[in-house]
Every structure is written in C-alpha cells, then in structure tokens.
Amino acid sequence: MTTYIARRLLTVIPTLLGVLLAVFLMVRLAPGDPAQLLAGEFATPETLADIRQRFGLDQPWHVQLGLYAVNVLRGDLGQSVRTRKPVTYELSQYFPNTLRLTLGAMLVALLIGIPAGIIAAIRPGTVFDLLAMLGALIGVSMPVFWFGLMAILIFSVQLGWFPVAGTGTLWHLVLPAITLGTGTAAILARMTRSAMLEVLSQDYIRTARAKGLTGRVVVFKHALRNALIPVVTITGLQFGGLLEGAVITETVFAWPGIGQLLVGSILARDYPVVQGAVLLIAVAFILINLVVDLLYGAIDPRIRYD
Amino acid sequence: MRFKLLAALALGLGLSVAFAQTRTLIIAQGTDPTSLDAPLATDSPSATVASHVVETLFYYTPDGKIVPQLVERYSFSPDRKVLTLTLRKGIKFHDGTELNAEAVKFNLERLVSQELASSFAFLLRGRVSAIETPDPLTVRLRMPEPFAPVLAHLTHSSTAIQSPAAIRRLGAGYRDNPVGTGPYKFDRWQKGQFVELVRNDDYWGKKPAIERLRFLAVPEATTRMALVETGQAHVAVRVPPQDVQRLSARPEINVVTTPSVRTIFLYFNQTKKPFDDVRVRKAINHAINKEEIVRFVLGGFGRASDAPISPGIFGYTKIGSYEYNPNLARELLAQAGYNAQNPLRFTLSSPNGRYLQDIRVAEAIQSQLRAVGVQAQIQTLEWGAYLAASNQPRERNEFQVAMLGWGTVTGDADYGLFGLFHTSQQAPNGFNRGFYSNPRLDRILEQARVATNPQARQQLYRSAMQIIYNDAPWVFLHAEQQVTAIRREVQGFIVHPTERLIATEASFRTSAER
C-alpha cells in the first residue's frame with residue numbers, strides 16, 4: 001500500500017511538468033500582450049517597456065520558462081501582473097472558496113444522484129424510474145449558466161429565500177451548490193441505476209433473496225457495495241470536473257473562487273496567475289484520482305495494490 | 001414534518017438576509033479592484049474605490065470644472081513654467097501623519113518613477129522637471145515648457161496624494177491598505193467579494209452622511225440587477241439595455257443615465273489605400289447614420305458625437321457632424337473611382353465586448369455601408385490582441401478601419417486631442433493609430449498646450465477640431481452613456497462622467513421622504 005502510494009506520487013512529477021509546459025506555451029501562444037493590457041488602451045511605449053522589463057516579459061520565452069520552473073520548485077509561482085502580488089497569495093485567497101463550493105456541489109450530487117439511481121433501479125419501469133431518469137436527462141442537458149440565473153430569479157428575486165450572490169453564510173452556498181451539483185447528480189443517478197441493475201441481476205443476489213433476506217438487506221448490503229465501485233470512479237472524475245465547472249457558477253453567483261480569478265486573469269493576460277491556477281487545479285485533480293484509487297480498496301477487498 | 005421545519009428555517013433565514021436593514025451603502029460593480037494604490041489603479045472599479053480613500057490636488061467636478069481640492073491656492077509664474085501650489089493647512093492622512101509639501105513631492109515623483117511602472121506616468125513624466133518644497137505648505141512644480149493641462153492632469157486619480165509613511169511602512173502590502181486624506185478610510189478587502197470603507201470622522205471637509213460603503217464584485221449583469229431588485233445592493237452599474245424597462249417599472253428603483261467622457265470612434269489608417277483619399281473618408285462619414293445607431297443599437301443610451309471629444313470637456317465646441325447622406329456618399333466614392341463595378345472593399349476591425357454593444361455597432365455600420373455599395377468585412381479579435389494589433393508601427397499595421405474608444409478623463413481637450421491626432425504621437429509612440437498628420441493641426445495643438453489664456457486655448461481647440469473635421473481622419477460615432485440602477489432610498493449618489501462612482505455626498509432617505 002505505502003509503496004503504491006509512493007509510486008503514484010512519483011508519477012505525479014512528470015505529469016505536473018507536462019502541465020506546466022503546456023500551460024506556459026498556451027498562454028504565450030495566445031495572441032495579446034500582457035504589458036499592453038496592463039497599461040491600458042493608450043499606453044506610451046516607455047511605459048510598455050517598463051512593464052515588460054519589470055515582469056521579465058522582455059526575456060526570450062525559454063529563459064522565462066527556465067526561471068519559472070526553478071521558481072515553482074522553490075514554491076514561488078511568481079507575481080501577478082495585474083495586482084502585483086505573489087501568485088501564491090492570490091490563489092490562497094480564492095481556492096478555499098472553490099473547494100467549499102465544489103464540496104457543496106458534490107454533496108448535492110451524492111444526496112440526489114445516488115438515492116435517485118437506487119430507487120430507479122429497484123423499481124425499473126415504474127413511474128419512479130421514469131421520473132428519476134427524466135430528471136437526470138433534464139439535469140444533464142440544462143446549461144449551468146441559464147440554470148444559475150433562473151435559480152436567482154426564482155429563489156432570490158421572486159421568493160426571497162436565498163441571497164442573490166456572494167458568500168458569508170451557509171445560505172449563500174445553497175443556490176450555487178445546487179446549480180453546480182445538478183449536472184453531476186444526473187450523471188450519478190444514471191450511473192448508479194445501471195450499475196445497480198447489473199448487480200441485481202447477478203446470481204449471488206438471487207441466492208441472497210432465495211435464502212430469505214429482506215429486500216433492504218439485499219439491496220443495501222449486497223448489491224449497493226458492488227454497484228458503488230463504478231460510481232466511486234465516476235464521482236472522482238466528476239469531482240475534478242466540478243473544479244473546472246465552478247468557473248461559470250462562480251461568475252453567475254459572484255462567488256470569489258478560483259474560476260473567477262482564472263477568467264479575470266485570462267482576460268487580463270495575467271500569465272503568472274493563469275499558470276498558477278491551472279497548476280493548482282491539476283494538482284487537485286491528480287490528488288483526487290489518487291484518493292479514488294485508494295477508495296477502491298476500501299470498498300472492494302479484492303483490489304490490492306502490490 | 002422535518003421538511004416543513006427545514007423549509008420554514010430556510011425561509012426565515014433567507015428573509016432575514018434579504019431584508020436586513022443596514023446603514024452600509026452597497027454598490028455592485030462589475031469586478032473586484034485590482035489595486036488600491038492610486039497610480040496602479042488602472043480600471044474604473046479600482047479608481048472608484050481608491051477615490052474615496054485618497055484625494056488629488058485638484059478635483060474635476062461632475063459638471064466639468066477643475067477646482068482646488070487639497071490645494072488652497074495656486075499660481076503660475078509669468079512665463080507659465082512654474083506652478084506654485086499652497087496646500088490646505090491641517091490636513092492629516094488616516095494614519096495621523098501630516099499632509100505636507102514633502103508628501104506631495106514624494107507622491108508625484110513616485111508616479112513617474114521607473115520602478116513603479118505606472119501606466120499613468122505619462123501624465124507628468126517629461127512635463128515636470130523638478131519639484132521643490134520651499135516650506136511645508138508650498139510645492140513648486142518646474143516645467144521645461146509651459147504645460148496648460150497641468151491642472152487637469154493633477155485631477156487624475158493616479159496623481160492622488162497618499163501617505164508616504166504608509167507606503168514606506170507597508171511596501172508591496174500598501175496596495176491592499178491604502179492610506180489617504182479622503183472622506184472614507186479603508187477598512188477591509190475580502191478578495192473577490194467586496195471592499196469595505198468606513199467614514200473618516202476626522203475628515204477636513206464636509207463629512208459624508210453614510211457611515212460605511214461596501215463595493216461588491218459581481219461580474220454577471222443579471223446577478224447585479226437581482227441584487228438591486230432584492231435590496232441586497234443599493235447601486236448596480238451597467239444595466240443591460242434589455243433590463244432598463246423592467247427595472248424602471250419597479251417603484252423602488254431609479255434607473256439613471258449619465259454621460260461619459262468616453263467617445264467611440266472609427267479611425268482610418270491613412271497609410272493604407274484608399275483611406276489616404278479624403279473623399280473616401282468623407283464618403284464613409286456621410287454613409288453612417290449615427291442617430292440610427294444610437295437609437296436602435298444602443299437603445300438610446302448614447303449621444304451622437306459632433307466633435308472628437310465629448311461635451312463637458314474643456315475645449316469642447318460643437319463642430320458638427322457629417323450629415324447622413326447616402327447619395328453624397330455614393331457621389332464622393334464615384335469621384336474616388338469606386339462604383340457598382342468596382343466596389344470599395346475593406347476590413348472593419350471591431351472589439352467584441354469592450355464597449356457598449358460594440359460588435360452590434362460594427363454590424364450596423366456594415367449594413368449602412370452596404371447601402372452605398374461599400375463592402376466592409378468585420379474582423380474582431382480578443383481585446384489584448386486587438387490593442388496590440390492596432391498599436392503596431394506603420395509598416396506592420398494591418399488595420400484599415402477600426403473602432404476604438406477614448407475617455408478624456410482629465411476633462412481637458414489636450415488629453416483627448418494631442419495624443420490622438422498630433423503627428424509625433426503616431427503608433428507605437430502614441431495614440432495616433434491611424435497615422436494621421438497635418439502640420440497645421442500640429443502647430444495649433446502645440447500652441448494650445450502652452451497658451452496662457454483659457455479663452456485663447458478654447459479658440460485654438462476650436463480651430464483644431466475644425467481642421468480634424470475637414471480632414472475626416474475619424475468617424476466620430478457616439479459618446480456612451482452610463483446606465484446605473486439606484487434604489488430610491490439613496491439620494492445624492494454621483495455617477496461621474498469619468499466612470500467613477502462617488503458616494504461621499506450620498507445619504508439614505510428616511511421613509512417619510514421616499
């Protein structure tokens with residue numbers, strides 16, 4: 001187990017280097033000049049030169065990349081072009097909010113998705129099944145942006161139940177978490193349903209029923225545990241996806257997360273922040289995958305890591 | 001049962017959030033400030049917040065006058081090369097240190113310094129050669145040549161006088177903790193969410209009525225409007241044209257339109273054929289129906305321009321507009337050799353999302369040009385790329401006809417004309433991106449910079465704009481209007497033409513007044 005984790009952690013290094021290189025090249029190949037954006041529409045050439053020099057933008061790109069890599073290893077992600085503060089500081093201001101939003105959305109997805117999937121699977125073809133799967137279809141197809149605005153107009157403006165935007169209390173989290181979590185809930189519902197259906201048709205379930213166990217024990221103790229393995233995989237992948245999906249939700253609800261920071265930084269060509277944010281998301285994604293792999297073992301003792 | 005309880009709880013808490021009575025004025029802006037250090041505050045959300053905390057030597061009033069602010073008196077030497085400022089006595093920064101001549105010198109020198117790399121350094125760099133402080137309340141600015149717009153430049157938010165002690169003490173942290181002399185003190189900044197300011201009870205001038213200000217960062221327009229509709233914010237900027245009617249219909253909301261000093265224009269790249277031909281430039285001017293664009297594309301939230309700068313700016317006079325006359329446009333094009341057999345074709349560059357309805361305006365122009373047989377193809381680039389492309393030097397500049405906007409935020413025509421039309425200012429050395437050049441205009445603009453008498457300057461700018469009109473290097477399209485939603489319980493809130501929001505004179509109405 002320990003060697004497995006160590007091995008997995010080692011593979012993280014080349015992955016991160018790859019991400020670093022890709023992001024570095026991407027932001028530089030995109031058109032637009034950060035100095036120009038920072039200086040505004042009508043900046044003088046001397047100002048542009050000052051800014052380029054200050055942020056090392058006048059260096060050849062391989063020099064910039066080399067410097068950047070060395071600094072990242074030292075834990076220094078550089079300085080934001082826009083706010084002129086360390087990137088690590090900027091990330092520390094926004095990332096915890098994204099984490100809260102993502103966890104809230106995951107909770108919504110799990111609380112809705114898995115029960116809906118189970119109900120649909122144990123009563124296939126009934127009105128429950130139909131409703132759950134219709135709900136899932138709607139949930140998957142609804143644009144997050146539109147859903148978020150509708151939620152604001154109905155639940156905040158009309159009904160006055162929840163605050164429109166911002167953070168502060170748990171109530172601020174409700175609408176953004178539902179908005180972000182609905183799509184994932186829908187995917188989990190479908191996944192749970194098909195996994196459950198498959199498991200429920202297995203011989204050992206028939207055996208369990210035949211020896212007179214109650215429906216509840218069969219479903220929750222025997223079937224669910226096995227059906228959960230693919231669901232955990234999908235949940236892990238979706239969790240990573242939520243981190244990215246947060247970009248839109250954060251904009252709609254003025255949620256001060258990494259998505260808002262990322263969008264603002266891309267528009268302002270704030271290279272160091274864009275690189276840092278993507279790097280951070282990549283690390284989070286990799287760690288989540290590791291956790292998911294480890295969870296397999298906890299759910300299914302047949303899976304071993306040596 | 002449990003569900004009912006939960007719902008009731010949700011309802012109760014939700015309501016208490018929505019209707020919490022607070023004496024904090026809440027203003028929803030589009031973005032979070034990037035920096036509250038005045039010379040580094042380049043965007044209007046940053047400048048708006050900073051302007052409440054720090055003050056400038058002079059103030060540009062919303063109706064276009066330049067009045068002393070931190071300065072008590074000022075005078076120019078007879079040759080206009082020395083400006084002597086006498087500071088108001090007894091003004092203190094929020095950290096308790098005194099506002100004195102040294103502090104002014106420190107701030108102005110910091111603005112132009114290389115290591116700060118402020119994009120506004122050009123306001124004073126090269127124009128002020130030395131700053132002297134003969135006594136604690138006197139500052140002398142020495143200029144290599146007379147520079148008439150100097151007072152206007154000293155109203156610019158980047159020239160604000162901030163506490164030198166705080167800047168030295170906090171270093172890079174200063175931009176999160178501004179210390180000035182303003183009517184509000186910085187309180188806290190919740191990154192990405194809001195900045196909160198608290199009233200400065202020791203303010204030297206008229207104390208504001210409202211105790212706290214909170215500036216929210218809300219990028220999505222619909223969300224901003226929802227905040228004002230539910231009373232969770234009192235002011236929201238940039239009301240989308242399609243929401244104006246719905247919001248105006250609500251009795252508790254006032255939708256206010258305010259002019260902006262920003263003028264939107266098309267410029268012709270005069271190094272490119274056929275835009276070196278004045279007949280072609282005039283033809284396009286005659287072919288564009290600005291009134292129609294303002295009415296239908298901007299939903300009435302603009303003003304068709306009759307000069308390269310907006311009203312309210314010193315030096316503005318109504319120069320007139322090329323009348324909308326498609327027949328004349330066709331005639332001029334025919335004289336220049338373009339007709340149905342040989343139509344004029346060009347690429348019209350337009351930003352997308354930078355200015356109010358920008359790409360829609362470009363599309364309207366495209367269809368109006370089609371009516372006179374001109375085929376314009378619209379090209380749009382991401383904003384950063386757009387700016388970089390328009391700022392290429394002559395040999396490499398690909399733009400033929402392009403849309404840009406210019407805010408004359410100093411309120412003085414020099415800022416709006418010299419940098420945009422003088423030959424020495426051709427890209428990439430300045431803002432003259434169409435490579436326009438007229439020696440007679442150059443001379444007039446230079447004279448207007450050094451002229452001593454305001455009437456004479458006014459007259460010079462009038463002739464300058466007349467020349468510009470005749471040469472038609474631009475199509476002056478329109479001045480934007482700022483559309484702001486303000487709840488009726490707030491009075492005295494100012495939307496400044498320089499796109500800053502000012503709450504220092506605002507107050508809450510009592511319910512009886514409402």
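Reminder, nothing fancy here: chain letters follow the sequence lines and each chain counts from 1.
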Contacting moiety of A/Glu90, where chain B heavy atoms sit under 4.5 Å: side chain

Is any NZ, NE, NH1 or NH2 atom of the basic residue among B/Asp243 and B/Arg238 found under 4.0 Å from an Asp or Glu carboxylate oxygen of the other? no

May I ask you to name which of A/Leu153, A/Leu149, A/Ile152 has the most heavy-atom pairs under 4.5 Å with chain B? A/Leu149

Report the relative orientation of the aromatic rings in B/Phe120 and B/Phe122; use parallel for angles under 30°, tilted for 30 to 60°, perpendicular for over 60°. tilted

Under 4.5 Å to a heavy atom of chain A? For B/Leu227 that would be both

Given A/Val174, A/Val252, A/Asn97, the one with more heavy-atom pairs under 4.5 angstrom with chain B than any other is A/Val252

Do you know which of B/Gly419, B/Ser46, B/Ala233, B/Ala226 has the most heavy-atom pairs with chain A at a distance under 4.5 angstrom? B/Ala226

Indicate, with yes or no, if the rings of B/Phe194 and B/Trp189 have centres closer together than 6.0 Å. no

ring-ring contact (aromatic ring centres under 6.0 Å, His included) between B/Tyr267 and B/Trp474, worked out: CA-CA 4 Å; B/Tyr267 69 85; B/Trp474 280 13; 8.0 Å; no

If you draw a 6.0 Å radius around CZ in B/Arg246, do more than 12 non-hydrogen atoms from other residues or ligands fall strictly inside? yes

Whatever's closer than 4.5 Å to a heavy atom in chain A on B/Gln193 counts as both

Residue part contacting chain B, namely of A/Phe155, when any heavy atom lies under 4.5 Å: neither

For A/Phe95, does the CZ atom have more than 12 heavy-atom neighbours from other residues, nucleotides or ligands under 6.0 Å away? yes

So that I know where these two stand, are A/Tyr94 and A/Tyr89 an aromatic pair - ring centroids less than 6.0 Å apart? no

Is it the backbone or the side chain of B/Asp37 that comes under 4.5 Å from a heavy atom of chain A, or both, or neither? neither

Taking B/Glu220, B/Arg175, B/Lys191, B/Gln190 one by one, which has the highest count of heavy-atom pairs under 4.5 Å against chain A? B/Lys191

